[in-house]
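These notes concern the structure reproduced below.
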Amino acid sequence: MQLTPMAPKCGVEVSGVKLAQCSDAEMQEIKQAIYEYGVAVFRDQEFTPEDHITFGRRWGGIDVNNYFPLQDDYNEIAVVKKEPDQQTNIGGAWHTDHSYDQIPAMGSVLVARHLPPKGGDTMWAHMGAAYDALSDELKAAVEGLEAFHTADHVYKADGLYAQTDMAKSLRGQDLKTGAIHPVVIRHPHTGRKLLYVNSAFTIHFVGQTRAESMPLLQQLFDAALTGDNQCRLEWKPGTVAIWDNRTTWHNAMNDYHGHYREMHRITLSGEALAA
Ligand SMILES: O=C(O)CCC(=O)C(=O)O
Ligand SMILES: [Fe+2]
């Protein structure tokens with residue numbers, strides 16, 4: 001198995017392994033690489049829906065997404081798709097999946113099933129590098145803070161996504177979510193400090209209103225994306241990406257209007273987070 005970094009501080013391309021047939025030792029090495037680099041990319045994989053589910057269960061469990069359409073024959077698989085006549089896409093802004101759950105999903109396994117001729121890349125940003133790059137003042141300001149996360153403003157019947165052309169394919173509009181996490185967490189496996197707020201789902205600091213929280217939150221959202229902590233993936237048929245939601249943010253580019261794109265996603269179960 002060979003590891004080739006995709007960018008100085010985020011992402012790694014892993015070659016010399018077949019995900020569907022990897023050994024336990026290879027699985028351990030893959031997990032470690034994802035915890036550290038944030039996202040790992042595997043090319044030329046033969047990875048059927050059955051392989052996808054088997055891999056997710058083997059990793060340690062599957063969290064079924066409450067909002068996205070599910071694959072008809074395999075309910076553990078969420079379908080992330082955009083029709084040729086659709087304008088908006090799923091995940092088309094920087095975010096981390098499921099931070100609105102008190103035990104958030106560890107990560108996701110995304111498989112390219114149908115790609116546009118050009119475009120539709122995905123970007124990731126490393127939140128360990130983001131934390132390291134914060135000024136001493138910002139590090140002191142976030143020390144000990146906790147934040148409230150929810151998805152209600154995105155997915156509810158009067159939420160952001162309901163007003164777009166994705167609305168008809170979404171589920172779960174009557175769900176209510178909410179979770180509190182430290183603003184800086186320690187990665188459960190590497191121990192690295194990670195900035196754990198994101199502009200999609202983090203609403204306010206605990207003990208402060210939204211208005212009181214916004215100036216510092218906005219500074220953190222901006223700081224999380226400056227510098228060289230990002231990588232970008234150009235998908236090809238057979239590409240699989242696995243990312244760590246604690247270590248990274250991600251953003252799906254929406255630059256392929258008029259073309260169909262379909263990805264299959266399994267969300268991996270995680271653990272409670274601590275400072
Ligand atoms: O379509 C993509 O590249 C990623 C979409 C997304 O945010 C997700 O699957 O969690
Ligand atoms: Fe996402």
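Counting convention: from 1, in listed order, for ligands and their atoms alike. The model shown is predicted, which means the values in this text are computed figures rather than measured ones.
Those atoms of ligand 1 that come under 4.0 Å of a heavy atom in Ile90, given as number and element, are 5 (C). Close approach to Arg265 involves these atoms of ligand 1, each under 4.0 Å from a residue heavy atom: 8 (C), 9 (O), 10 (O). Every atom of ligand 1 is numbered from 1 in the order shown, and the set under 4.0 Å from a heavy atom of Gly91 is 7 (O). Each of the following atoms of ligand 1 lies closer than 4.0 Å to a heavy atom of Asp97: 10 (O).
Nearest N/O/S atom of Asp97 with respect to the Fe ion (ligand 2) is recorded as OD1.
When non-hydrogen atoms are compared, ligand 1 lies under 4.0 Å from the side chain of Leu110 (C-beta onward) but not from its backbone. Proximity of Trp94 to ligand 1, defined as any heavy-atom pair under 4.0 Å, is not found for any part of the residue.
Glu76 and Ile53 make their closest contact through OE1-CD1, 3.6 Å (heavy atoms, listed as atom of the first residue, atom of the second, distance). When all heavy atoms are compared, the tightest approach of Ile77 to Pro49 is CD1-CB, 3.8 Å. Taking both residues in full, the closest heavy atoms of Tyr100 and Ala179 are given as O-CB, 3.5 Å, listed atom of the first, atom of the second, then distance.
Relative to the ring axis of Tyr260, Lys81 does not place its NZ or CZ within 45° and under 6.0 Å from the centre.
Looking only at protein heavy atoms, the nearest one to atom 6 (C) of ligand 1 is His250 NE2, 3.7 Å. Looking from atom 3 (O) of ligand 1 to the surrounding protein, the closest heavy atom is Thr122 OG1, 2.5 Å.
Annotation: His149 is not in aromatic contact with Phe201 [ring centroid separation under 6.0 Å not met].
Between Arg261, His95, Met263, it is Arg261 that holds the heavy atom closest to atom 1 (O) of ligand 1.
Ring planes of Trp124 and His250: tilted class, angle from 30 to 60°.
Trp249 and Ile203 sit in two unconnected hydrophobic clusters of ILVMFWY residues. Membership requires side-chain heavy atoms under 4.5 Å apart, directly or through other members.
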